[in-house]
Structures are given as structure tokens and as C-alpha cells.
Amino acid sequence: MILSHAQVLVVALPLLAVPICALLPGRRLPGVFATLVAWAVLALALLLMQEVSAAGVLRYQLGGWAPPWGIEYRLDRLAALVQLLLALIAAVVLPYAARSLSDEVGERSGGAFAALLLLLTGLLGIVATGDAFNVFVFLEISSLASYTLIALGRRRRALVASFRYLILGTVGATFFLIGLGLLYALTGTLNMDDLAARMPPLAGSPAATTALFFIVVGLGLKAAMFPLHQWLPDAYAEAPPAVSAFMAATSTKVALYALARFLFGVFGLQQLTEVPMLQEGLQWLAVAGMLGGSILALRAADIGRILALSSVAQVGYILLGFALLSTAGVAAGLVHLFNHALMKGALFLALGAMIHRCGGGELARLEGVGHRMPWTMAAFMVGALSLIGVPLTAGFVGKWYLVSAVIDQSAWWLVAAILVSSILSVFYLWRIVEVAYRRPAVMPPRAEAPLILLLPTMLLALANLLVGLNSSPLVSWAEAASLSLLGTGS
Amino acid sequence: MIDLGLYNYWIVIALMMSGLYALIARGNLIRKLIGLNIFQASVFLLYISVGFVRDGAAPILAPDVESYSNPLPHVLILTAIVVGVATTALGLALAVRIHGAYGSIDDDVLDRQRD
């Protein structure tokens, strides 16, 4: 009975938990409650993953109304993968947040955890739905929750970062809305499958192309596609560490998922090839992001900013995979999307543990932190190696498939760009390593992070190694997802 | 040259541009929010224009009416308006907090503060 509704419950459960969480008293209770909710969501996501691997596509009609009148929830391999990723990250980050976020917020942390659950709801909703307008609603639910969470940061700068993100994020969402409006005017439907079926005759029409550009720019803003990334470094550096970890691992990934869904699942390859400017533009922007993000990260003075700017570069890799418009390219993008969430999650969690002990994330403040917190720094190093793309880590897998997809198209300048950006990442991460292991004049006492912060960090670091050692389940899943996304055009 | 029969769409474009301009050019955070609202309102108007059917009646079932305007865009925009209200409320709340923390809501002044 419950299981047949799992597809909706995975979104409804955290949503229903939001008001309860907001009303819970005390400092620790809301965090514990939110953690339990996240674990329940993970159980549902695992169950759904199993069903999708058997059935291929799961469909659920909301309220029993058949599409195109009602809203349809649709879970295919691509959506199931991103849904599992969200549930995994939430299940690992929330116990961490139960300690770290409630320490930052103080008494009555209910509101903060309610916002965190609302963010999770919004992201899960974007992935679960098969209705284009529903994507907009969930996108804004998740964005509003993010603005609130960023504003909770310790410094007053967090308020400004949140406000600027609010302005840019809303412009992005409104661009997306314009695109949807044009699509609806053209086709008279908002169901994604219906849209995909009605798009081919419209391929190359000016209105469809305009809609395509509005949607790409709107979602690109949310995904921090270069040069629309300006909101991201401030937001991630100023937000409470647990929030940065969760957002860095999930928010931009879900926007990229939505972008892939609209590019390939709604517009379809035929439409995309009619607009060669888009493919070239996306490739150029991806490369600009890969190089620009890395170069900016070389100069940042705060570890949070370095990691955030490196996210801009990593979004470039994923976007490049999509912009190849080939099955192999999209699969590589998906693999890297999944792995980037694992590495950035681990890195930001480790950073949060350092901030917890040292009081801030500036490089100058963290001298010798490698001696002080050896385990935390070890987890950070695993994340950093994965970010560079060293073999036997998750980061290598994504880059390997990306490079081979690029070589398939003999685009050698793109191979060069990937290599240069990887080398740059060695330099900006080396700056952190150097500071962390430099011995300060007075050796500080050893003060490892509390276990509740350390365990989730280690778990994600371990996940990086596990995926690096045995990547075949992830890769074959991503390949199947990419094949069904591009092959059938739906 | 310019088809004035579609004047509602020209109004949409004019509002959209003035909203975006205010959003980018104004340093005052409240003015930015007003610009954002004008920008969003233009998109609401776009949707409602799309839903209009020439000689269509308001979409309320009546015995001798043949053609109705499309009610779906209205419903969609109702949702978008709610989202817009929530965004504006949050933006205003942030502006109040920023004023409390910095004593100013001017973008240039905020930029000059280093912390």
C-alpha cells in the first residue's frame, strides 16, 4: 500500500516534516528529527532505485488525474540516480548538521532544520516530477529555502550574499518561466513526455529556439554556469558549513539535471542540432568555466571560496559532457555529476570540521591544521585527490570517461582544456595542503573534530575511494540512463 | 513595421526591460526588489496574454457560451504570483537585516565593507 506511493512519498515525507520540525523546541531535537526524516527518504530512494532497475520507468498520476490534465511523477534511470544521490548526501550531511548547524544557530534551531528539509523537498521534487511547470515550483521552493539558509551564516556578509543570490536566482527562475510560457504557447502542454512528442515539427522555429535559450540561461544561472556564477562563491563561503556542504553537493547538480532533462528529454537532439550556436556556446562556456573557475580559485584567500570557485570549474566539466550531444558525453557528464557531489560533500564537511575547531576558514587561520586534526585533514586530502582526478578516486572515473567522449569527437582543444584545468586544480589545492602541514611556531594541541562531525566526513571520503575502485555499477547505470534519454527522445 | 495589434506583447517587453534595468542599474536594495517585481509582472502578463482567446468568454461554464479563454495559464500564474510574493517578502526581510547590520542598503556602500 505505502510502497505503491513511494514515488510521491519521497517528496511528500520531507515536506510534511517541515512544519513539524519548525515547531520542535530545543537545540538538538529538530536536528535529530530531520536526520530521521532523511534516513527514511534514503530508504525510499533505495527502494525506488530497485524498482526502476526492474521496470525502467515508473509513472505515478497525482490524485489519479491522467496526464496531460494531471501532474505526472515520472522516475527513469536518470532521475533515480540523482534522487539516490540527493538522499545519500542528505542522510550523511544531516547528522553532521544536527551538531554543527544547531551550534551555529543556537536555541530554537527548528526553523533552520525546517528550511534544510524544505531545500531537500524542493530538490527531490525537481527530480521526481514529469511536469515542466512543476519543475519551476520546486526550483523556487528549493531556492527560497537556500536564501534563508545562507542568511544564517555567522558573518554579516552572509546577509548580502543571500540577498544577491536572491536577486540573481529569481531572475534565473523568471527566465526559465518565460521559456516555459513560450513552450506552452507553442505546444499547449506542460507534460514533459507530451512536450517531447510535439517538439520535432517545431525544430528550428524561432519561438522554440527562443524558449530553448531562455531555459538554458535560466537553469544555467541556478547551476552556476560560467559567467553566471557570481552568486556562488559568496553564498558558499558565507553559509553555515553544513549548509555549504549540502548545497555544494546537491543544488547545482539538480539544476544541471534539470538542464539535461530539458535539453534532451524535452527539446531533443533534433532541435539541438538545428541550433549549432547553442552547442558551440555551451562548449565555450564550459571551457571558460573550467579555466576561469580554477584561475580565480588560485587567488582566493578562504578555503570556502577556493572550493566554491572549483565548483564553477567542475560544473564546466559536467556541462562539457552534455554539450558534446553524444551518448558517451552525457553519460560522462552524469558520472562526473554524481562523483562531484561526493568529493565536494567530503571537502566541505572536512572544512566545516576545521571551522568548528579553528573558528574560521581563512587560509591564514588554518596553519598547521593537518597536525592538529589529522583525520579531518586526511579526509580532506582524499577529497582533494578526487577533485584533481587521481586514479583510484571517484574524480578520475568521471574525467576518464569525459576525455574519452571528447576524443571520440576528435576535439583536441577540449582535451587540452581539461588537462590544463586539472593541473590548475593541483596548484590551488596545493596552497591548502601547504598551509595545513606547515608547522607553526608553537605546535597547537591535537584537537580532532568531534566524532559526529568526523564520521560523516570520513564516510563521504570513503565513498570517493569506493567509487574509484569499483566504478562499473555507476558507469553502466549512467550509460543506460544516457542511452534512454537521448535514444528515444523522451 | 510594428504590429500594434499585438500591443500587449509590446507592453510585456517594455515592462521586462524596465524591470531588468532597475534591477541592474539601481544600487538601492529596495529599488532592486521593485525592479525584480516589475520584471516578474511582465512575465505574468505574457502568460495571461497567451491564454486569451479572441471573442472568448471568461472561463466560467454558462449555457450559451461557445468559446472560452484558456484558464490554465491563469492558474499557473497564480502559483507564480505566490512564489513572487514569497520571494519579495524574503528579500525585504533580508534588506531589513542588512540595514540593521550595516546601517545602509546601498550596494556600493556594502561593497566597500570588507567583512
Side-chain angles (χ1 to χ4, degrees), chain A residues 68-69 115 118 122 131-134 136-141 143-171 173-190 207 214 218 234 238 301 360 362, chain B residues 9 12-13 16 19-20 23-24 26 29-30 32-33 35-52 70 72-73 75-77 79-80 82-105 107 109-111 113-115:
Chain A
W69 295 283
L118 199 60
D131 182 275
F133 195 79
N134 219 219
F136 165 75
V137 175
F138 278 121
L139 198 64
E140 281 309 79
I141 289 179
S143 299
L144 282 166
S146 330
Y147 309 146
T148 318
L149 285 165
I150 292 165
L152 292 176
R154 259 168 309 127
R155 291 179 290 194
R156 59 179 183 171
R157 197 92 214 141
L159 298 169
V160 182
S162 169
F163 188 89
R164 291 192 177 149
Y165 182 21
L166 181 138
I167 296 281
L168 281 177
T170 308
V171 171
T174 309
F175 267 54
F176 179 66
L177 192 62
I178 297 171
L180 285 186
L182 292 173
L183 275 188
Y184 178 73
L186 278 169
T187 61
T189 181
L190 286 165
F214 269 115
D234 270 338
E238 298 301 336
E362 299 87 358
Chain B
Y9 290 99
V12 166
I13 292 171
M16 202 178 275
L20 266 181
L23 188 96
I24 296 163
R26 297 292 165 191
L29 300 188
I30 302 294
K32 275 185 192 292
L33 279 176
L36 192 67
N37 269 290
I38 296 173
F39 178 52
Q40 286 179 311
S42 77
V43 180
F44 303 161
L45 218 57
L46 172 76
Y47 268 70
I48 292 165
S49 297
V50 166
F52 178 73
N70 184 354
L72 187 68
V75 180
L76 298 179
I77 278 322
T79 314
V82 173
V83 171
V85 169
T87 312
T88 310
L90 185 59
L92 288 173
L94 282 172
V96 171
R97 291 276 311 274
I98 289 174
H99 188 261
Y102 286 89
S104 165
I105 49 166
D107 226 17
V109 178
L110 297 181
D111 262 339
Q113 311 282 330
R114 291 310 300 163
D115 62 325

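All values reported here derive from a predicted model rather than from experimental measurement. Convention: sequence-line order gives letters A, B, ...; per-chain numbering from 1. Atom set for the values below is all heavy atoms of this structure, side chains included, hydrogens, waters and symmetry mates excluded.
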Chemist: So which residue, Leu36(B), Asn70(B), Thr79(B), ends up with the most heavy-atom pairs under 4.5 Å with chain A?
Modeler: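 Looking at each option in turn, the highest pair count goes to Leu36(B).
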Chemist: Chain B heavy atoms under 4.5 Å from Leu190(A): which part of the residue, side chain, backbone, both or neither?
Modeler: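 When you check distances to chain B, only side chain atoms of Leu190(A) fall under 4.5 Å.
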Chemist: Let's go through Phe133(A) and Leu177(A) carefully: what are the C-alpha distance in whole Å and the side-chain angles of both, what is the deciding distance for side-chain contact (heavy atoms from CB on, under 4.5 Å) to 0.1 Å, and is it a yes or a no?
Modeler: CA-CA 8 Å; Phe133(A) 195 79; Leu177(A) 192 62; 3.6 Å; yes
Chemist: With sequence neighbours excluded, what pairs up with Asp234(A) under the side chain to side chain contact (heavy atoms under 4.5 Å, CB included) test?
Modeler: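 Checked Asp234(A) against side chain to side chain contact (heavy atoms under 4.5 Å, CB included); matches are Ala161(A), Arg305(A).
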Chemist: Counting only heavy atoms closer than 4.5 Å, note whether Val137(A) contacts chain B via side chain, backbone, both or neither.
Modeler: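 Answer is side chain: those atoms of Val137(A) sit under 4.5 Å from chain B.
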Chemist: Which of the residues Val82(B), Ile77(B), Val43(B) is involved in the greatest number of heavy-atom pairs with chain A at under 4.5 angstrom?
Modeler: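 Of Val82(B), Ile77(B), Val43(B), Val43(B) has the most heavy-atom pairs under 4.5 Å with chain A.
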Chemist: What's the shortest heavy-atom distance between Ser104(B) and Leu110(B), and which atoms?
Modeler: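 Looking at all heavy atoms of both residues, the shortest contact is O-CD2, 3.9 Å.
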Chemist: Could you check which of Val50(B), Ile98(B), Leu46(B) has the highest count of heavy-atom pairs closer than 4.5 Å to chain A?
Modeler: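 That would be Ile98(B).
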Chemist: Indicate every side-chain donor-acceptor pair of residues 86-96 of chain B with a distance under 3.5 Å to a residue at least two apart or in another chain.
Modeler:
residue, atom, partner, partner atom, Å
Thr87(B), OG1, Val83(B), O, 2.7
Thr88(B), OG1, Asn37(B), OD1, 3.4
Thr88(B), OG1, Asn37(B), ND2, 3.3
Thr88(B), OG1, Gly84(B), O, 2.8

Chemist: Check whether the ring centres of Tyr147(A) and Tyr165(A) lie less than 6.0 Å apart, and answer yes or no.
Modeler: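 Yes.
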Chemist: Select one option (side chain, backbone, both, neither) describing which atoms of Tyr184(A) are under 4.5 Å from chain B's heavy atoms.
Modeler: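 Looking at Tyr184(A), just its side chain touches chain B.
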